[in-house]
Amino acid sequence: MIDQIEQLRNSAEAAVTACSTVADLEEQRVKWLGRKAELPNLLRGIRELPADQRGPAGQAANQARTSIEALIDSRTSELAAAEMLLNLATDSVDPTLPGDPQPVPGRLHLLTQTRREIEDVFLGLGYAIAEGPEVESVAFNFDALNHHPTHPARSRTDTFYVDSETLLRTHTSPVQIRSMIDQPPPIRVIAPGRVYRRDDDATHTPQFHQIEGLAVDEGLSLADLKGTLLAFAKAIFGSDREIRLRPHFFPFTEPSVEIDVSCFACEGGKSGAGERCNVCRGAGWIEILGAGMVDPNVFAYVGDHQPAYADRDLQGFAFGLGVERIAMLKHSVPDLRLLYTNDLRFLRQFG
Amino acid sequence: MRVPLSLLRSFCDPELSTDEIASVLALSGTEVERITELGVGGVENFVVGNVVELIAHPDADRLRVCTVDVGDGTNRTIVCGAANVAEGQFVAVALPGAVVANGMKIKLSKLRGVKSEGMICSEEELGLGSSSDGILELDPTEGPAGRPLGEVLTLQETVLELEITPNRPDCLGVWGVARELHAATGAALSAAPWDDDLGSVGSLDGLVVDLDAGCGCSRFTARIYEGIDPTVPTPRAIKAHLIAAGMRSVSAVVDITNYAMLVTGEPMHAFDLDRIAGGTLKVRGSNPGEVVEALDGTSYELNDSDVVIADADGPTSIAGVMGGARSEVSDATTRVALEAAVWNGPGIHATSVRLGLRSEASTRFEKGLAPVMAGRAQAFASKLFELIFACAPNPGTIDIGQGEGDSEPIQLDPAKASSLLGIEVEASSAATTLSRLGCVVEQAGPLLHVVPPPERLDLGRAVDLVEEIARIDGLDRIPSTLPPSATGAASLSDAQRIRRRIEDTLAGLGLFEIAGWSFDSPRIADRLLLTESDPRRSAVIIENPMSAEESLLRTTLLGSLLDAAAHNSSHGIKRLGFFEIGSVYIPASSQSAATEPPRIAGLLSGPSRLPTWRDSEPPSADVHSGVGVLAGLLDTLRVDWSVIASESPEPFLHPGRAAEVLVNGLTAGWIGDLHPQISDSVGVESACVFELDLAKIAEAVPAIQHYQAVSGQPAVLQDLAVIVPRAVSSGEVVRIALESGGEVLESVELFDVYASPELGEDVVSIALRLTFRAEDRTLTEEDASAARALIVNQLNLELGATARV
């Protein structure tokens, strides 16, 4: 029996060694080790042997089976590796073909991008963001903001009216009034939004965007306004910017100022080549917004609607800036109307 | 306002350069918009000449050959075409190297064969007038020949163009600007030009003025001058200043009125007294339809809101805007009634805008002048009549209306000023500043009692004086301080945060944000095929729009998207993806205000993906692409959403390709392919559009996610294909499957839709991948199959679906 086993083992190992494909090896595995193969048959016959021969025969058969299995396994991995090498050699692509495109990202509009940048500066300074209606009352848009009943801005040539008491707000300043009527001092709030004026030329569109700012408390000063807007200017136009205040006039602030930021494109009005800077037009300063200390008449109006403002020694400052202006300055956009044409070739460039 | 710098310096000269003066003015509140250099160039080449000899040009009838002594010992030959050139005349000569006012450079030249060594100049060529009819004749006293012409004439002038803020009409005259310069620099200020009035108060014979109350005239003054010689010219210096200020020189009388206005800021008008019918002027409101022929030769029809000055024959002036042709002074005028009045600013503004007639007078009056200015103009004009005509005013002055009453002093507390400005304000320096501005200041203990000058109507409260101190003492002295936080931490509101998330997500999904107009055309409703009863036909209407096409406010963002699509498609861009987040405007039923709900809207058109070598013809974007975008957006926000086929599709959508968008089971918007009629009009082949209500989306965004235990149990996946009638929506199939699969059903994904004749008519096969999982045990295939059978059963019950084998 043992000889028979040894013979089987030799034959099997020879056949396995002769195999050249993984598939052949599987065949040999079935042939020699499968359910109906000779070796397992022999093993089954061991039970019928005399007791003293069973042990050695069983041992020999198991050894043979283990040996054949090991040989098949090792040959299989050898051949599989060789076959994979062969397959890889023939499986080639042109990796320089364009990759699968991922969805092409869209963009935020430049106005949204700019609005957020500004909002984030003031959020950082502790200002909440308020909103107010665009279809606004004459009372909040003009009366509350200390516009004389005959102020020219009220005229129908300047302002869009819905009826005698209702208009499209001409500035975001009525949100100052709404914010104060809504909540007692202290206040720190900005109000971005659309505003409307009857203007349409290269530097004016009948619709544009402003961001209003309002701070009210006891003892706030023009110096605080200056510090706040300096922080804003540095955040938006660069940390080495300076600002200057120029006296101006707005009905709802006193004193009123315009804020200039030092030009970010030149030194003192001259570009690198010594030519007149075309951003600040040689001035070295760029006007960016209007501001001032809240006029006592505004507090008086609010005090009639919200007692927390009546008969108090409040001081506050307010400012209003044009989002389009900031966006155009910062991104060198030459024509306001580009912002509203919605040309993809423009929209792709920002946001 | 255009200010000739030499005139300004004649009142206050801080001995600074032009740029320095401009900077001082700008930083004290008078913005300098532009600095213009007027007049000639190469001024050293302009000299006084004496015409020694004059002969006819041999080859040109109209030219003369002049021999001109220019004082250097060598006479020049100059060819001249002017008819008024004569022997013995003193003239203005431009020698080679000179540049005359129109920019022409003078060179040695030949005119029709005769050499010419310069030019004899006209007024226009010297920038001193509009007369180019003949050469400017100088007086022999202005000689001798060779004298630099700049000693005789103002050949160069610098003009500051100032922007005067509406609160400072006192600066609409040069003297007012001079006082600003004085206050800001401390340089000496000349006495006011109206001091030492040559006229007198009291009644005036020869003219009756009747002023209607309530016609918007706060003060009306008039003086009479008689025995005027109409041939007397305007002195050249005055003429030069008027021209530099942008006005024409007309005649000495008219030039006096304009010069008085230039200096004092108060417009004046000269009537030919002999042409005032009936010797009476009536100031009254205009009658509708009344026509006035103004000085510009145009007839203007008035309505009932204008003001006229009328004589016995009817209106002769549009008050505050322009005088009338009928009573204007002429070259025969010897008797003048000179009027200076102050009018209601907004009324003048309205008249001037409506008539399209803006004048130096109207632009000043509309700012609201102080009554005191009328008297000042009269006084200064009297000096000019004396100077030019040697003519004193007749005794008396008509003076109706508001006088120059005393004003109450304002109490100014320097401590309050310090608190407001954030810098120490000392009483003494504040007093100095305010005095320079013309205030009368008295110190009373810690306070200042301040009486502002009468023309400063803007100074009525302490805070107004604080502004004066701030701007004159220099805003650059104000430090920069950041106030302490008083309101605690700030952050975006939930709605603001969600809005940003939506913007970012839509951009990330490939859409470009647009900025549309809030304005829309009344035609939009028809363009969008809205039914007569569609609430979107009811819009907020603007009474005074820029144009009819922009006369209402949008009730949907769709118009803005279509505009963007049309614009880009017309530029050949086919693949479009846009969104806008913005308000629509819904008129409220009560009151007049509107509600302004924000909407999210988008448009997709052209290839849904970029074509590639693997996928060279991607499908066109349609409702399925749009639903994909919505899925990307709403799943990002974790909103519970679905779409259902519209029972009554939006009229602007393709009726078979339209859906409602539900959020938490409630309608929150619509999506669908654009109606072909509309996509045609926009110039795109097809497009998917959607609009959602931002508030409804934002409300549905869950605030906080709480942890859900992650299951350790394996899932069992099974596929299910059901055949359903074509009319059944796949959304229904998925919904019923989800609801009927019991607790062990985790998710249902639709992965195939298939139709073929073998399946039958009007049916489709919908294939679902079902994922089953139990929280507490390893699910067996048998458990899953039982749940699957429940689904099949329910689909059959509700939809008549059969499972495919």
Side-chain angles (χ1 to χ4, degrees), chain A residues 97-98 100-101 103-109 111-112 123 126-129 133-135 150 152 155-157 160-163 165-166 186 188 194 198 200 206-207 217 219-224 226-228 230-231 244-249 254-255 257 293 296 315 339-344 347, chain B residues 26-29 165-167 345-346 349-350 353 419-423 463-464 466-467 470-471 475-476 478-483 485-487 490-492 496 503 507-515 517-518 540 542-544 546 564 567-568 573 577 583 585 592-594 596 610 612-614:
Chain A
L97 280 170
D100 286 350
V104 182
R107 298 285 174 187
L108 298 183
H109 196 279
L111 289 173
T112 298
L123 284 166
Y127 287 65
I129 301 177
E134 297 165 31
V135 181
T150 58
S155 83
R156 298 173 63 88
T157 54
F160 293 108
Y161 281 87
V162 172
D163 59 40
E165 285 156 19
T166 316
R188 301 276 194 278
R194 284 188 172 186
R198 287 191 85 252
D200 200 358
Q207 157 191 314
D217 206 340
L220 284 179
S221 71
L222 190 62
D224 294 329
K226 191 173 181 180
T228 300
L230 176 63
R244 74 174 184 188
L245 274 52
R246 266 185 302 104
H248 200 69
F249 170 73
E254 187 84 352
V257 294
M293 302 304 293
Q315 289 178 188
L339 293 165
Y340 290 103
T341 313
N342 297 317
D343 192 304
L344 262 173
L347 299 175
Chain B
L27 294 177
S28 60
T165 53
N167 58 330
H349 178 71
V353 167
S419 160
L420 204 56
L421 297 179
I423 191 173
V463 67
D464 302 327
V466 173
E467 175 171 65
R471 71 181 185 87
L475 289 168
D476 55 344
I478 308 277
S480 294
T481 54
L482 270 180
S485 166
T487 46
S491 62
L492 294 174
Q496 288 162 350
E503 291 164 347
L509 290 167
L511 275 61
F512 287 83
E513 189 189 13
I514 63 163
W517 296 104
S518 302
V540 174
I542 299 163
E543 289 184 346
N544 54 335
M546 296 298 284
H567 170 84
N568 286 284
I573 304 174
S583 291
Y585 306 85
S592 42
E596 302 172 16
L610 286 178
T612 71
W613 55 275
R614 279 201 217 242

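First the proteins, then the strands, lettered A, B, ... as listed; each starts at 1. Note that the coordinates shown come from a computational prediction; the quantities given were computed from them, not determined experimentally. Computation of the quantities below employed the complete heavy-atom set of this structure, encompassing side-chain atoms and omitting hydrogens, waters and symmetry-equivalent molecules.
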Quiz item: Which bit of A:Ile129 is near chain B, if near means a heavy-atom gap under 4.5 Å: side chain, backbone, both or neither?
Solution: both

Quiz item: Any side-chain heavy atom of B:Leu482 within less than 4.5 Å of one from A:Asp224?
Solution: no

Quiz item: For the atom pair CD1 (B:Ile542) and CZ (A:Arg156), what is the distance rounded to the nearest 0.5 Å?
Solution: 11.0 Å

Practice problem: Please look at B:Glu503 and chain A and tell me whether the side chain, the backbone, both or neither of the residue comes under 4.5 angstrom of a heavy atom of that chain. | Solution: both

Practice problem: Check side-chain hydrogen bond (donor to acceptor under 3.5 Å, both in side chains) between B:Ser480 and all other residues, then give those that pass, not counting sequence neighbours. | Solution: none

Exercise. Please flag which part of B:Leu420 lies under 4.5 Å from any non-hydrogen atom of chain A: side chain, backbone, both or neither.
Key: both

Quiz item: What part of A:Tyr340 lies closer than 4.5 angstrom to a heavy atom of chain B: side chain, backbone, both or neither?
Solution: both

Practice problem: Could you tell me which portion of A:Leu111 (side chain, backbone, both or neither) has an atom closer than 4.5 angstrom to a non-hydrogen atom of chain B? | Solution: side chain

Quiz item: Which region of B:Tyr585, side chain (C-beta onward) or backbone (N, CA, C, O), has a non-hydrogen atom less than 4.5 Å from a non-hydrogen atom of chain A, or is it both or neither?
Solution: side chain

Exercise. Check each atom of B:Val540 against the heavy atoms of chain A and say whether the ones under 4.5 Å are side chain, backbone, both or neither.
Key: side chain

Exercise. Pick one of side chain, backbone, both or neither for B:Glu543, based on which atoms fall under 4.5 Å of a heavy atom in chain A.
Key: both

Quiz prompt | Atom group of B:Ser518 that falls short of 4.5 Å from chain A, counting heavy atoms | solution = both

Quiz prompt | Results of salt bridge (charged side-chain N to carboxylate O under 4.0 Å, His left out) for A:Arg194 - residues two or more places apart only | solution = B:Glu580

Quiz prompt | Toward chain A, the part of B:Trp613 with a non-hydrogen atom under 4.5 Å | solution = side chain

Quiz item: Relative to chain A, which segment of B:Asn167 carries a heavy atom at a distance below 4.5 Å: side chain, backbone, both, or neither?
Solution: both

